[in-house]
Amino acid sequence: MNIYLDLFLTFFKIGLFTFGGGYAMLPMLESEVVNKKHWATYDELMDYFAVGQCTPGVIAVNTATFVGYNKKRISGGLAATAGVITPSIIIIIIIASLLTNFASIPAVQHALSGIRIAVCVLIFKAVLKMMKSGIQDAYGIGIFIAALAATYFELIPTVLIVVIAGTLGVLIKNIIKSKKEKPDA
Amino acid sequence: MPDFGLLLTLFFEFFKTGLFALGGGLATIPFLYEMMEKYHWFSQQDLMNMIAVSESTPGPMGVNMATYVGFHASGNSIIGALTTTIGLVAPSVIIICIIARMLEQFRDSHWVQDIFYGLRPAVSAMIASAGIGVLIATLFPQTVNLTGISWIHLGLFVLFFIIAMSYKKLHPILLICICAALGVILKL
């Protein structure tokens, strides 16, 4: 299949099954982009997510652009982004013209209540997997706990957490390294 | 065909939102309030309805809201819907393409590696925090004070979590469809 069409259709599917925030997308990206298409490794995907967190815009769009760009530069980024937003455009236009009371239909509310359970399961599964591959040592556990508290209780803005965590990464790595190099010197 | 000036204003307003809304769909809401007060494209009642619909339909919430507002504000025009949605995602696409290019060049630099070493645990934590928020909203559907726990939601969550952890290849789309069907059947 044409790679642009493939990018478009894969991200169309992902857009169609993204509910609420972009976080539940991660398992979907894993099974489509990493396992099926091999467009990125799991670690790369996590890095895209990390960058998507600290740049403006919708996380789903940021991640789609990233994956598409790495495959086929700007035109690949555009194809993937077009894919991820197309289901929204179609569905919203249909609902806005026909069913303005969509959100209060009982069957919709029941289905959503069920979907929220799936979203929770997917998010926690993604978190466990990310922790396993992303936390390498005690410093990592420390950063995780501090960032969790800071985010959950909204102590500091997300951007600042990202900046601090990145800075800590550089500091820790270079302190460990300089310690390890000392015995040789 | 809606007025060209209106389309230009819609594009510009959503481009601004895409450029400054950090952290996903909910971050766009304050921008929509500002637009409501400035341009009167929609009423507060309309906005509430748009947020509810965006939350309950598939697709990233920010994109859903942009499409809805554009469609509504331009007098139910598909061109209006496309204008706002493209406006919202344009800054992301531009910024991410620049970053992706830079990252490609500096990927092997140990500085980039070191930054990600610190960043990955923090990003896991942010997603965990979002997960805890959704989980609490799901398990305590009626109350905000954590008394009325919904045992059926808890039971289903535990059941599907065990299933998802045992069958690693379980496709997320299948899980979403099963849970949606169960929601309707069990009237969750």
Which atoms of [X] come close to chain B, meaning under 4.5 Å heavy atom to heavy atom: side chain ones, backbone ones, both, or neither?
X         : answer
Ser97(A)  : both
Ile93(A)  : both
Phe66(A)  : both
Ile164(A) : neither
Pro27(A)  : both
Val170(A) : both
Asn35(A)  : side chain
Ile117(A) : both
Ile14(A)  : neither

Under 4.5 Å from any heavy atom of chain A, what part of [X] do you find: side chain, backbone, both or neither?
X         : value
His72(B)  : neither
Tyr68(B)  : both
Asn64(B)  : both
Gln113(B) : neither
Leu103(B) : side chain
Phe71(B)  : side chain
His153(B) : both
Arg101(B) : both

Enter the distance from [X]:[atom1] to [Y]:[atom2] here, rounded to the nearest 0.5 Å.
X         : Y         : atom1 : atom2 : value
Ile85(A)  : Ile86(B)  : CD1   : CD1   : 6.5 Å
Lys173(A) : Trp111(B) : NZ    : CH2   : 12.5 Å
Ser124(B) : Lys132(A) : OG    : NZ    : 12.5 Å
Glu104(B) : Tyr69(A)  : CD    : OH    : 5.5 Å

Within a radius of less than 6.0 Å around [atom1] of [X], do more than 12 heavy atoms belonging to other residues, nucleotides or ligands occur?
X         : atom1 : result
Ile74(A)  : CD1   : no
Tyr39(B)  : OH    : yes
Lys72(A)  : NZ    : no
Phe157(B) : CZ    : yes

- Step by step, work out the side-chain contact (heavy atoms from CB on, under 4.5 Å) result for Leu128(A) and Phe161(B). CA-CA 12 Å; Leu128(A) 287 182; Phe161(B) 190 69; 3.7 Å; yes
Between [options], which shows the greatest number of heavy-atom pairs under 4.5 Å with chain A?
options                         : answer
Gly133(B), Ala52(B), Cys97(B)   : Cys97(B)
Ala130(B), Ala128(B), Pro172(B) : Pro172(B)
Val158(B), Leu135(B), Ile127(B) : Ile127(B)
Gly118(B), Gly18(B), Ala81(B)   : Gly118(B)
Ile132(B), Asn76(B), Leu19(B)   : Ile132(B)
Ser92(B), Pro91(B), Ala66(B)    : Ser92(B)

- Reference residue Ile115(A); test side chain to side chain contact (heavy atoms under 4.5 Å, CB included); the match among Thr138(B), Ile178(B), Leu175(B), Ile176(B): Ile176(B)
Tell me which of these, [options], has more heavy-atom pairs under 4.5 Å with chain B than the rest.
options                                    : value
Thr167(A), Val108(A), Ile89(A)             : Ile89(A)
Thr151(A), Asn62(A), Ile135(A), Ile123(A)  : Asn62(A)
Ala150(A), Gly52(A), Pro87(A), Ala50(A)    : Ala50(A)
Pro106(A), Ala103(A), Gly142(A)            : Ala103(A)
Phe102(A), Phe124(A), Phe49(A), Tyr48(A)   : Phe124(A)
Ala126(A), Ala118(A), Ala147(A), Pro157(A) : Ala118(A)

- Task: Using a strict cut-off of less than 4.0 Å between a Lys/Arg side-chain nitrogen and an Asp/Glu carboxylate oxygen, indicate whether Lys168(B) and Glu30(A) qualify as a salt bridge.
- Result: no
For a quick test of reading the model, state the closest non-hydrogen atom pair linking [X] to [Y] and the distance between them.
X         : Y         : value
Asn70(A)  : Ala100(B) : OD1-CB, 4.4 Å
Lys125(A) : Leu170(B) : NZ-O, 4.4 Å
Ser31(A)  : His171(B) : OG-NE2, 3.3 Å
Ala122(B) : Ile143(A) : N-CG2, 4.0 Å

Check whether any side-chain heavy atom of [X] sits under 4.5 Å from a side-chain heavy atom of [Y], and report yes or no.
X         : Y         : result
Pro58(B)  : Ile91(A)  : yes
Ile173(B) : Lys13(A)  : yes
Met61(B)  : Val58(A)  : no
Tyr117(B) : Leu168(A) : no
Ile95(B)  : Pro56(A)  : yes

- Test side-chain contact (heavy atoms from CB on, under 4.5 Å) applied to Cys177(B) and Phe17(A), step by step: CA-CA 9 Å; Cys177(B) 293; Phe17(A) 286 93; 3.9 Å; yes
- Task: Evaluate side-chain contact (heavy atoms from CB on, under 4.5 Å) for Phe160(B) paired with Leu122(A), printing each intermediate quantity in order.
- Result: CA-CA 10 Å; Phe160(B) 283 113; Leu122(A) 293 175; over 6 Å; no
- Message: Checking Val121(A) against Met165(B) for the side-chain contact (heavy atoms from CB on, under 4.5 Å) test, could you report, in this order, the C-alpha distance in whole Å, the side-chain angles of both residues, the deciding distance, and whether it holds?
- Response: CA-CA 9 Å; Val121(A) 169; Met165(B) 295 311 289; over 6 Å; no
- Message: Under the rule for ring pair (Phe, Tyr, Trp, His ring centres under 6.0 Å), what residues qualify as partners of Trp39(A), not counting sequence neighbours?
- Response: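 Testing Trp39(A) for ring pair (Phe, Tyr, Trp, His ring centres under 6.0 Å), a comparison that skips the adjacent residues, returns none.
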- What residues of residues 180-188 of chain B sit under 4.5 Å from chain A when you count only heavy atoms?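 Within residues 180-188 of chain B, the residues that come under 4.5 Å of chain A (heavy atoms only) are Ala180(B), Gly183(B), Val184(B), Lys187(B), Leu188(B).
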